[in-house]
Amino acid sequence: MDYKKLIAGKLSDLIELSNEEIEEMLEIPSKAEMGDFALPCFKLSKTMRKAPPMISDMLAEQLKTDGNIQKIQSVNGYLNFYLNKANASADILSKIMDSNEQYGGSDIGKDKTICLDYSSINIAKPMHIGHLSTTVIGNSLNRIYKHLGYNTISINHLGDWGTQFGKLIVAYKLYSSKEQVEQGGIAELTRIYVQYHTDAEENEAMDDEARAWFKKIEMGDKEALELFGLFKEITLEEVNKLYDMLEIKFDSYNGEAFYQDKMEPIIGELKEKNLLVEDQGAMVVKLDEYNMPPCMILKKDGATLYSTRDIAAAQYRKDTYDFDKCLYVTAYQQDLHFKQFFKVIELMGKDYYNDLVHVNYGYVSMEEGAMSTRKGNIIKLKDLLNRSVEKSLQIVNEKNPDLENKEEIATTVGIGSVIFAALKNNRIKDIVFSWDSALSFEGETAPYVQYTHARCASVLEKSDVLLDGDADYSTLDNQDANKVITLLRDFPEVVQNAAEKYEPSLITRHVIEIAKAFNKYYFEHRIIDEDGDEKVRARLILSKCTKQVIKTGLYLIGVKAPDKM
RNA sequence: GCGUCUGUAGCUCAGCAGGAUAGAGCAACGGCCUUCUAAGCCGUGGGCCAGGGGUUCGAAUCCCUUCAGGCGCGCCA
């Protein structure tokens, strides 16, 4: 039942506006006491040549209530509509019961493909809290779009190219060995990389040697490629453990190295279209007309750059996946870079430039300032996750010591809590990391929402009344239940909105609201009671639907919902 | 300097496709477990929505401007 359409239909005889225009004007009041829908009559006063309160009074008098709309009231120029709660509740809840985990989804993405470029880690470097945003935002958007019926391609655009790999080979030869590297993993690679930088400051010849080794990688030298492959393998093996913990998977790991042979045609095309010009020895695309600095394509020495690779990658993805949209989840420091390379693609006459989207986010810093792998002032993602799980286990032991699978639940809660916190605020906000807030499990956090989910599960398990059968929804005609139902009703719209704005936090926030409303309801009303199966059933259905929507909502942000905790 | 983002309660933030009395969480203080999970619920205090101007019946929300801060502005990614 689409109530906006229903109301618009009633109003269209009385107002000289189309049904669509009226639907646009209808809004959901800020407070439940003010009804379920409202029509502000201020805009109508010009054409109707009457004061807004007079218009709303008049409309309230002329409109008739019916089975769906219980009451229509005029308040200071607002026309408030109150739905028949029992009908509306039955309608909304049965819809959720029917669609189950599909609730909130749709098929608007049918036959459409979205590429998502996120996480995109660097080879030989540990994953730290600076990688958390791109990883969890990307994963969440991936799940959201799938839920909406899109075909998605998740891409980990590996940072696996550049002189740093020449440096790493030199460092490896000087300070390490195959055994040490295999044993120590990324930590060992980091150790020798840091050592290299310390020593290279005194010894310039080392950088020359590094450049030479990188050249060898480019030329396909056997030893160089072998070592390069080893570093890559070691990194991926370790990083995949983290992705497993987070339950994140990628469809493609094509990174910078993959595009080495795909840039030449792009450069040719740029030349052909007279976009490439020489400037101070380098080759660039001028963007003065668009109030931007030039986009560099080739360095003075003829080497390619980030932009060159990104243009080639965009073209490859278009050719391979024929995407309807391609999202890049990276920090806002790269705003200009993306604006530039999107513009270059437009100038090349490729109409898909409009489907490229930079999904940017704020950056994480330490209280002491920026993070740097080389300086060692980073917090590894592994450590953050482990500490969160550890603390979570401690709390389980305190609160629920008899619980089975304590470790498993602590893992779900601990990891969920990290992801949840990273997706709670608007993407664009900067974050100053602190252990205190990272390990906070109170208030608007994952454990709070997960706890509510477990509570629903517990009630459902405890009751003998089956969900199938007649239900008396009049028992839900109270403010607390209505609040929950309204939030459940709005969930699909929230998912849709999150997709349109590339903003998972909208879902996080909504799920918090649902949990709050249900906890309030739970405290004020008994669910399992002695007032007849039909009433109990209605309340159980409410619990079941709340559980389902929380579960789906959490899933969409990449968090699991335990049945017990 | 140019561009861009941010500025809302002590702290962290929501609200910013204009709408009714600006909301949460944390922190502080005070209540609620012999009944379905107290990782919960309720209450109290706390605001020149950075400043100024404009548009509008109506502005935290849109426009202009000032201030403060972050980020970016050719051979890194």
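The chains referred to below are lettered A, B, ... by the order of the sequence lines, with proteins before strands, and numbering in each begins at 1.
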**Q** Check A:Lys483 with A:Glu513, please: is the shortest side-chain N to carboxylate O separation under 4.0 Å?
**A** no

**Q** Rounding to an integer number of angstrom, what distance separates B:A17 and B:C11 when you compare their C1' atoms?
**A** 31 Å

**Q** Can we call the ring centroids of A:Tyr361 and A:Tyr118 under 6.0 Å apart?
**A** no

**Q** Measure the distance from CZ on A:Phe42 to P on B:U56 and round it to the nearest whole Å.
**A** 17 Å

**Q** Regarding A:Met565, tell me which of base, sugar-phosphate or nothing describes its non-hydrogen contacts under 4.0 Å with the strands shown.
**A**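 Here A:Met565 touches the bases of the nucleic acid.
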
**Q** Check ring-ring contact (aromatic ring centres under 6.0 Å, His included) between A:Tyr290 and all other residues, then give those that pass, not counting sequence neighbours.
**A**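 ring-ring contact (aromatic ring centres under 6.0 Å, His included) list for A:Tyr290, sorted by chain: empty.
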
**Q** When you compare B:C62 with B:G7, how far apart are their P atoms, in angstrom units rounded to a whole number?
**A**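 To the nearest whole Å, 11 Å.
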
**Q** The criterion is side chain to side chain contact (heavy atoms under 4.5 Å, CB included); which residues satisfy it with A:Asn122, sequence neighbours excluded?
**A** A:Lys125

**Q** Do any side-chain nitrogens or oxygens of A:Asn426 fall under 4.0 Å of OP1 or OP2 in B:G15?
**A**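 Checking A:Asn426 against B:G15: at least one side-chain N or O falls below 4.0 Å of OP1 or OP2.
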
**Q** Suppose you measure atom C1' in B:C16 against the same atom in B:U61; what distance do you get, rounded to whole Å?
**A** 4 Å

**Q** Of all the nucleotides listed (B:G70, B:A38, B:G19), which has the minimum atom distance to the side chain of A:Tyr78?
**A**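 Given the options B:G70, B:A38, B:G19, the side chain of A:Tyr78 is closest to B:G19.
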
**Q** With respect to the phosphate group of B:C41, does any side-chain polar atom (N or O) of A:Tyr448 fall under 4.0 Å of OP1 or OP2?
**A**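 So the side-chain polar atoms of A:Tyr448 do come within 4.0 Å of the phosphate oxygens OP1 or OP2 of B:C41, strictly under.
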
**Q** With a non-hydrogen cut-off below 4.0 angstrom, is A:Lys520 in contact with a base, only sugar-phosphate, or nothing?
**A**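 A:Lys520: backbone/sugar contact only, no base atoms under 4.0 Å.
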
**Q** Contact class for A:Pro52 (heavy atom, under 4.0 Å): base, sugar-phosphate, or nothing?
**A** nothing

**Q** Using the P atom as the point on both nucleotides, what is the distance between B:A59 and B:U44, in whole Å?
**A**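 Between the two P atoms, the distance is 29 Å.
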
**Q** Tell me the interatomic distance from A:Ile431, atom CD1, to B:C13, atom P, rounded to whole angstroms.
**A**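 Value for this atom pair: 8 Å.
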
**Q** When you measure from the side-chain N and O atoms of A:Tyr332 to the phosphate of B:G72, is any distance below 4.0 Å, counting only OP1 and OP2?
**A** no

**Q** To the nearest Å, give me how far apart CG (A:Leu460) and C1' (B:U37) are.
**A**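 Those two atoms, CG and C1', are 13 Å apart.
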
**Q** A:Arg509 side chain: which of B:A20, B:A14, B:G72 is closest?
**A**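 When the side chain of A:Arg509 is considered, B:A14 is the closest of B:A20, B:A14, B:G72.
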
**Q** May I have the distance from A:Asp430 (atom CG) to B:A68 (atom P), rounded to whole angstrom?
**A** 19 Å

**Q** State whether the side chain of A:Arg387 and the backbone N or O of A:Leu439 hold a donor-acceptor pair below 3.5 Å, judged by distance alone.
**A**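 Judged by distance alone, no pair lies under 3.5 Å.
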
**Q** Measuring only the P atom in each nucleotide, how far is B:C49 from B:G23? A whole number of Å is fine.
**A**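 Going atom to atom, P in each nucleotide, I get 14 Å.
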
**Q** When you compare B:C67 with B:C29, how far apart are their P atoms, in angstrom units rounded to a whole number?
**A** 43 Å

**Q** Figure out the CD/C1' separation between A:Glu24 and B:G19, and round it to whole Å.
**A**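 Going from CD in A:Glu24 over to C1' in B:G19 covers 15 Å.
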
**Q** Please report the distance separating the P of B:A22 from the corresponding atom of B:G47, rounded so that it comes out in whole Å.
**A**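 Taking atom P in both B:A22 and B:G47, they lie 13 Å apart.
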
**Q** Starting at CE of A:Met283 and ending at P of B:C75, how long is that distance when rounded to a whole Å?
**A**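 Those two atoms, CE and P, are 17 Å apart.
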
**Q** Would one find a side-chain N or O of A:Asn122 under 4.0 angstrom from OP1 or OP2 of B:A77?
**A** no

**Q** Among B:A39, B:A77, B:G25, which nucleotide has an atom closest to any side-chain atom of A:Lys516?
**A** B:G25

**Q** Indicate syn or anti for B:C33, taking the glycosidic torsion and treating anything within 90° of 0 as syn.
**A**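 Syn, angle within 90° of zero.
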
**Q** Looking at A:Tyr316 versus A:Tyr259, is the centre-to-centre ring distance below 6.0 Å?
**A** yes

